[in-house]
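Report on the following structure.
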Amino acid sequence: MSRGQIALITGAAGGIGLAIAQRYARDGMEVILTDLQAEAGEREAKAIREAGGRARFIACDSSDEAAVQGLVDTVEAEVGPITVAVCSAGISKGGKPFYETSLADFTQVLNVNLIGAFIVGKAVAQAMIASGTRGSIIHISSVGAVLGVETSPAYCTSKGGLGMLTKVMALAMARHGVRVNAIGPGPTWSPMTQAALDQPAVDMMLSRTPIGRFAEAEEIAGVAAFLAGPDASYVTGQTLYADGGRLALNYVVLPVSA
Ligand SMILES: NC(=O)c1ccc[n+]([C@@H]2O[C@H](COP(=O)([O-])OP(=O)(O)OC[C@H]3O[C@@H](n4cnc5c(N)ncnc54)[C@H](O)[C@@H]3O)[C@@H](O)[C@H]2O)c1
């Protein structure tokens with residue numbers, strides 16, 4: 001179904017980005033993995049190739065405009081026109097309320113999570129317009145885009161901004177046949193969550209997740225496959241929340257005991 005498609009995935013050395021790269025490769029896309037972590041990225045691209053997929057890793061800081069332009073130029077010249085771009089690179093750097101957060105930390109999170117998506121989206125959009133490619137751009141947002149967490153001021157602000165970036169990009173790209181959407185995962189197992197969450201934090205999150213478990217990264221990849229594919233041909237400007245029911249839950253209502 002996806003033969004002939006070329007997908008560029010940022011933050012693809014691990015977690016959700018890697019699961020999306022693996023899924024796209026299984027669906028027949030040629031995948032370009034990019035990340036700061038070169039060793040892990042090279043290893044994962046090799047594993048995809050050994051499993052029969054077409055994959056290549058190119059190291060790149062997705063918040064560096066010149067580096068991203070070089071990456072997109074290289075892919076367009078050496079592989080072909082990018083048809084799908086997924087921005088999964090992200091950092092959290094939480095733990096403090098906004099009034100104790102340094103400007104450096106706040107700016108760094110915005111640079112990677114929001115401005116990085118602008119940089120990648122702009123370079124890919126220009127390439128798609130130049131090649132006349134009717135493609136799809138997908139941001140990885142979060143339930144944090146619409147639910148504030150006191151100790152994650154930069155992260156939540158970055159994801160809130162990403163929701164609007166998704167809309168304005170979708171409006172500008174509609175006439176070019178390019179759809180732009182975001183996925184808003186709820187709690188998902190990945191190196192990020194495994195490193196950051198202790199058991200009490202996991203229990204707290206599960207108490208507010210109606211499905212009662214974390215998502216596997218592959219479940220988020222399934223949504224990315226839908227958004228990149230023909231079944232989503234009329235879907236653009238949306239954030240699709242794959243959140244185990246989190247946003248449907250009014251916390252002040254006590255659950256009925258089972
Ligand atoms: N895991 C969750 O529960 C969850 C929930 C909601 C949203 N998300 C979002 O999903 C995305 C992926 O998160 P994850 O859980 O897989 O985390 P992760 O830490 O496992 O993966 C993120 C990847 O991004 C890479 N990265 C960071 N900064 C980069 C940069 N400047 N340039 C290139 N690569 C960079 C990291 O090296 C890492 O491989 C993030 O945007 C995150 O905010 C995750």
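As a basis for the values below, the full set of heavy atoms in this structure was taken, side chains included, without hydrogen atoms, waters or symmetry mates. All ligand and atom numbering here is 1-based and tracks the order in the structure.
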Side chains of [X] and [Y]: closer than 4.5 Å at any heavy-atom pair?
{"X": "Gln108", "Y": "Lys93", "answer": "yes"}
{"X": "Tyr24", "Y": "Val84", "answer": "yes"}
{"X": "Val86", "Y": "Ile140", "answer": "yes"}
{"X": "Thr193", "Y": "Thr188", "answer": "no"}
{"X": "Asn113", "Y": "Leu162", "answer": "no"}
{"X": "Leu33", "Y": "Ile9", "answer": "no"}
{"X": "Pro185", "Y": "Ile16", "answer": "yes"}
{"X": "Ile115", "Y": "Glu65", "answer": "no"}

* Structure fact -> Contacts of Glu150 meeting salt bridge (charged side-chain N to carboxylate O under 4.0 Å, His left out) (sequence neighbours excluded), chain-then-number -> none
Subset of ligand 1 atoms that lie under 4.0 Å from at least one heavy atom of [X]:
{"X": "Thr193", "value": "1 (N), 2 (C), 3 (O)"}
{"X": "Asp61", "value": "30 (C), 31 (N), 32 (N)"}
{"X": "Pro187", "value": "3 (O)"}
{"X": "Gln37", "value": "36 (C), 37 (O), 38 (C), 39 (O)"}
{"X": "Cys60", "value": "32 (N), 33 (C)"}
{"X": "Pro191", "value": "20 (O)"}
{"X": "Lys159", "value": "40 (C), 41 (O), 42 (C), 43 (O)"}
{"X": "Gly186", "value": "3 (O), 5 (C)"}

* Close approach of Ser88 to ligand 1, heavy atoms, under 4.0 angstrom ->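 Within the 4.0 Å threshold, so yes.
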Nearest non-hydrogen protein atom, [atom]:
{"atom": "atom 14 (P) of ligand 1", "answer": "Ser190 OG, 3.5 Å"}
{"atom": "atom 39 (O) of ligand 1", "answer": "Asp35 OD2, 2.7 Å"}
{"atom": "atom 22 (C) of ligand 1", "answer": "Gly90 O, 3.9 Å"}
{"atom": "atom 28 (N) of ligand 1", "answer": "Val112 CG1, 3.7 Å"}
{"atom": "atom 7 (C) of ligand 1", "answer": "Ser141 O, 3.0 Å"}
{"atom": "atom 16 (O) of ligand 1", "answer": "Ile16 N, 2.8 Å"}
{"atom": "atom 35 (C) of ligand 1", "answer": "Ala89 CB, 3.6 Å"}
{"atom": "atom 34 (N) of ligand 1", "answer": "Leu36 N, 3.5 Å"}

* To do: Taking atom CD of Glu219 as the centre, report whether more than 12 heavy atoms of other residues, nucleotides or ligands fall under 6.0 Å from it.
  => yes
* **Thr101: partners by side chain to side chain contact (heavy atoms under 4.5 Å, CB included), with sequence neighbours left out** => Lys96, Asp105, Phe106, Pro153
* Where on Tyr155 is there a heavy atom closer than 4.0 Å to ligand 1, on the side chain, on the backbone, on both, or on neither? ->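 Under 4.0 Å from ligand 1, Tyr155 contributes side-chain atoms alone.
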* Structure fact -> If you compare Ile140, Val68, Ile119 by their heavy atoms, the one closest to atom 10 (O) of ligand 1 turns out to be Ile140
* Asked: atom 23 (C) of ligand 1: which of Gly11, Gly17, Ala19 has the nearest heavy atom?
  ->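 Residue with the shortest heavy-atom distance to the ligand atom: Gly11.
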* With only distance considered, is Thr188 within less than 3.5 Å of ligand 1 through an N or O on each side? -> yes
* Asked: Do ligand 1 and Ser62 have nitrogen or oxygen atoms that lie under 3.5 Å from each other?
  -> yes
* Structure fact -> Heavy-atom nearest pair, Ala145 first then Lys159, reads CB-O, 3.3 Å
* Asked: So, Lys46 and Glu50, do they make that salt bridge, N to O below 4.0 Å?
  -> yes
